[in-house]
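Whatever order the structure lists ligands and atoms in, that order sets their numbers, starting from 1. Worth knowing before you read on, the calculation uses all heavy atoms, side chains too, and leaves out hydrogens, waters and symmetry mates. Residue numbers count from 1 along this sequence.
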Amino acid sequence: MNRPIGVFDSGVGGLTVVRALMERLPFENIVYFGDTARVPYGVKSVETIAHYARQITEFLLQQQVKLLIIACNTMAAVAHQVVDDLSPVPVLDVIDAGARGAVEVTRARYVGVIGTPATINSNAYARAIHRYDPNIRIFSQACALFVPLVEEGWLDHPVTRLTAQEYVKSVMCHPIDTLVLGCTHYPLLKPLLQGVVGHAVQLVDSAEAMAERTAYVLDRREMANPSRKPPDYVFYVTDVPLRFQTIGERFLGRALPNVRVVKW
Ligand code: DGL
């Protein structure tokens with residue numbers, strides 16, 4: 001099926017998921033939607049996030065997508081049901097993918113989760129992990145400062161390291177062997193975070209887990225694109241803020257072509 005996969009996020013962060021998808025599924029067409037005019041979502045109320053998620057879903061369904069991927073942990077945490085109720089096509093999300101990844105990786109069955117305040121307050125990761133293994137103990141921490149630090153490009157900066165040390169203290173005082181990076185922005189902090197938590201703790205990158213899950217679902221449902229032509233990528237955003245291109249390309253790991261602005 002050559003219809004595109006629709007991927008959406010509150011801003012440019014979901015491009016970490018697109019990057020993982022491009023690597024894992026190099027023949028799939030992708031339409032991305034990033035709500036750059038209204039980002040960040042992670043500090044907003046559940047009602048507002050659900051309202052935005054509904055608008056984005058309607059937009060992407062009009063683009064004839066064959067599958068929807070909620071790349072934003074915050075939207076996945078509080079608005080998955082809203083998206084699912086609207087969508088005639090399958091809906092996958094990063095929280096389910098990250099939770100499956102954590103269950104596979106942990107041996108100690110003590111898992112840490114970090115994310116935005118909205119994601120952590122929703123308890124969605126704990127619920128998702130317990131769906132697969134109710135005996136896993138989960139310790140979570142909201143890390144509100146990571147999103148602006150990543151967007152500032154401070155990926156290996158003393159301020160970010162100090163902030164990370166402070167945040168992970170509360171999860172590292174438990175014998176965790178797995179830490180879920182429950183936010184689109186955190187994969188970019190992987191080397192720094194690995195240094196802070198040490199090599200005995202395995203990091204679960206929800207973007208990579210998402211790409212694996214997507215490949216599995218496309219195969220199972222026989223929805224993969226049979227074409228071997230170079231795929232089309234289109235990126236819709238609601239604003240082109242300062243340094244958009246630089247930040248977006250950092251997340252995507254390559255040039256960001258075909259950016260179209262949607263005015264609502
Ligand atoms: N995309 C959001 C997430 O994964 C982070 C940015 C935001 O707060 O909107 O939780």
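Residue His185 has no nitrogen or oxygen atom sitting less than 3.5 Å from a nitrogen or oxygen atom of ligand 1, judged on distance alone. Distances between N or O atoms of Val147 and those of ligand 1 include no value under 3.5 Å.
Looking at Val43 against ligand 1, nothing comes within 4.0 Å, counting heavy atoms. With a 4.0 Å cut-off on non-hydrogen atoms, Val39 touches ligand 1 through its side chain and not its backbone. When non-hydrogen atoms are compared, ligand 1 lies under 4.0 Å from the side chain of Thr116 (C-beta onward) but not from its backbone.
Against a heavy-atom cut-off of under 4.0 Å, Tyr41 is close to the following atoms of ligand 1: 7 (C), 8 (O), 9 (O). The ligand atoms of ligand 1 that sit less than 4.0 angstrom from a heavy atom of Cys183 are 3 (C), 4 (O), 5 (C), 10 (O). Those atoms of ligand 1 that come under 4.0 Å of a heavy atom in Thr184, given as number and element, are 1 (N), 2 (C), 3 (C), 4 (O), 5 (C).
Nearest to atom 8 (O) of ligand 1 by heavy atom, out of Gly13, Gly42, Ser10, is Gly42. When the heavy atoms of Ile70, Thr74, Val12, Ile120 are ranked by distance to atom 10 (O) of ligand 1, first place goes to Thr74.
Contact between Gly11 and ligand 1 is absent, with no heavy atom of the residue lying under 4.0 Å from the ligand.
In this structure, Arg38 satisfies the cation-pi test against Tyr52, with its NZ or CZ atom closer than 6.0 Å to the six-membered ring centre and inside 45 degrees of the ring normal.
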Side chain to side chain donor-acceptor pair (under 3.5 Å) between Gln62 and Glu58, intermediate numbers included
CA-CA 6 Å; Gln62 283 165 12; Glu58 282 166 357; over 6 Å; no
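Taking the six-membered ring for Trp, Tyr110 and Phe139 have ring centres closer than 6.0 Å. The six-membered or imidazole ring of Tyr236 lies near that of Phe59, with a centre-to-centre distance under 6.0 Å.
Looking at atom 1 (N) of ligand 1, its nearest protein heavy atom turns out to be Asp9 OD1, 2.8 Å.
The shortest side-chain heavy-atom distance between Ser206 and Ile95 does not fall under the 4.5 Å cut-off. A 4.5 Å side-chain heavy-atom check between Gln141 and Ile120 finds every atom pair outside the cut-off.
Residues Phe244 and Phe251 share a hydrophobic cluster, clusters being chains of Ile/Leu/Val/Met/Phe/Trp/Tyr side chains in contact below 4.5 Å. Val204 and Tyr216 fall into different hydrophobic clusters, where Ile, Leu, Val, Met, Phe, Trp and Tyr residues are linked whenever their side-chain heavy atoms come under 4.5 Å apart, directly or through other members.
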